Amino acid sequence: MTLPIAPIDRLVVPLDVPSRADALDLARRLKGRVGMLKVGLELFCAEGPGFVKEIQAFAPVFLDLKLHDIPTTVRRALEALLPLDVRLINIHAQGGPAMIEAAAEAVRAHRNRGGKTQLLAVTVLTSLDREALRRVGQPMEPGELALQLARLAKKYGADGVVCSALEAPAIRDACGEAFHRLTPGIRPQGTATQDQARVLTPAQALRNGATWLVVGRPITQAPDPAAAAEAILAEIASC
Ligand code: C5P
């Protein structure tokens, strides 16, 4: 029997702030109120693996580097990153079957040595709309392509996908409950959508089958980030 996920474990907050000091301050304020802190490409390029270790003192880390290269390069990059034993790490599903398989093998080998990292595959970036896909020679609708890439990611060994919460129900139906769905683009009722075009509330995203919710600016730009995180935890707990 799988244990239900505690509300706090579902909440992922990106450290999308301009400086190392701001990131540490935010991590400190959110300690005990989030399941994971997301370290993205900008922060990782600026501050490196040592900074990830510092953040892990506050919460488990989702290392959001979206690796995409030839299979051997992605495998070796993961082998260099996996000793950090972050909670989640990701690749682009569009890297194809051999690349996903190489990444999954590296992550499995890490887990066989006692590590806990799980591998997610990014389906379609939410910044790409139908027209942008057409211009790179991809005739499918974003949602249709996301589903195809989720099936591919599952077949070749990823543990889940990054997808829009709007796509989560179809992906859950096709790939099963145990194949995780991490969903950005979440906005509590009444907060600004900013540059996210298609947003859902935490409750809607959970009903759609999201495993983890990435909530950024409604928390990171709130006057009191800890209180904003607690309000979202309360909404998650009420689902
Ligand atoms: O502030 P907001 O809640 O929009 O932040 C969402 C976070 O999720 C950002 O770090 C953004 O880069 C990330 N993300 C996203 N859409 C994706 C993948 C990641 O918004 N498809």
Side-chain angles (χ1 to χ4, degrees), residues 3-67 80-90 110 114-120 122 160 162 165 180 182-196 199 201-203 205-206 210-239:
L3 291 170
I5 304 175
I8 190 173
D9 292 330
R10 293 194 183 270
L11 181 60
V12 182
V13 177
L15 293 175
D16 293 336
V17 286
S19 73
R20 167 195 180 81
D22 289 340
L24 285 168
D25 179 55
L26 187 59
R28 221 171 273 124
R29 287 166 187 258
L30 294 176
K31 187 171 179 186
R33 297 183 171 95
V34 292
M36 271 178 263
L37 291 168
K38 179 167 98 71
V39 174
L41 200 52
E42 291 163 60
L43 209 47
F44 188 77
C45 289
E47 303 295 341
F51 182 71
V52 174
K53 289 187 192 155
E54 281 185 62
I55 295 299
Q56 283 171 314
F58 300 98
V61 166
F62 164 29
L63 189 53
D64 180 21
L65 302 181
K66 301 187 179 71
L67 302 176
L81 294 166
L82 283 164
L84 289 168
D85 201 29
V86 292
R87 177 73 182 77
L88 294 175
I89 200 159
N90 61 359
H110 172 69
K116 61 177 178 301
T117 308
Q118 289 192 297
L119 179 70
L120 300 184
V122 176
V162 182
H180 300 298
L182 177 137
T183 65
I186 307 296
R187 290 291 179 271
Q189 204 77 50
T191 57
T193 56
Q194 287 112 355
D195 53 358
Q196 295 283 14
V199 302
T201 66
L206 290 174
T211 314
W212 294 296
L213 313 177
V214 180
V215 187
R217 285 162 289 183
I219 293 175
T220 61
Q221 294 183 2
D224 182 349
E230 278 173 8
I232 290 170
L233 288 178
E235 180 172 345
I236 295 174
S238 73
C239 288

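Residue numbers start at 1 and run along the sequence shown. Please read these numbers as outputs of a predicted model, since none were measured by experiment.
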So which heavy atom on [X] is nearest to which on [Y], and how close?
X    : Y    : answer
P225 : R29  : CD-NH1, 3.9 Å
D85  : H110 : OD1-NE2, 2.7 Å
T183 : A205 : OG1-CB, 4.3 Å
T191 : P218 : OG1-CG, 4.4 Å
A27  : L15  : N-CD2, 4.3 Å
V34  : A59  : CG2-CB, 4.2 Å

State the [atom1]-[atom2] distance between [X] and [Y], to the nearest 0.5 angstrom.
X    : Y    : atom1 : atom2 : answer
M36  : Q56  : CE    : CD    : 12.0 Å
L11  : L233 : CG    : CG    : 5.5 Å
S19  : D25  : OG    : CG    : 9.0 Å
Q118 : L182 : CD    : CG    : 11.5 Å
T201 : I232 : OG1   : CD1   : 10.5 Å
L37  : K31  : CG    : NZ    : 11.0 Å

Under a 4.5 Å cut-off applied to non-hydrogen side-chain atoms, are [X] and [Y] in contact?
X    : Y    : answer
V61  : L88  : no
L30  : F58  : no
L43  : I55  : no
I186 : V214 : no
D64  : V162 : no

Start with the C-alpha gap between D16 and R217, add the side-chain angles, then the distance that decides, and say whether salt bridge (Lys or Arg N to Asp or Glu O under 4.0 Å) holds. CA-CA 8 Å; D16 293 336; R217 285 162 289 183; over 6 Å; no
Between [X] (side chain only) and [Y] (backbone N and O only), is there a donor and an acceptor less than 3.5 Å apart?
X    : Y    : result
N90  : K66  : yes
R87  : T117 : no
E235 : A203 : yes

Could I get the full list of salt bridge (charged side-chain N to carboxylate O under 4.0 Å, His left out) partners for E54, not counting sequence neighbours? R20
Can you pull the ring pair (Phe, Tyr, Trp, His ring centres under 6.0 Å) pairs that have at least one residue in residues 212-233, sequence neighbours excluded? H180-W212
Partner of I89 under side chain to side chain contact (heavy atoms under 4.5 Å, CB included), chosen from L119, L84, L120: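 Testing each of L119, L84, L120 against I89, the sole residue satisfying side chain to side chain contact (heavy atoms under 4.5 Å, CB included) is L119.
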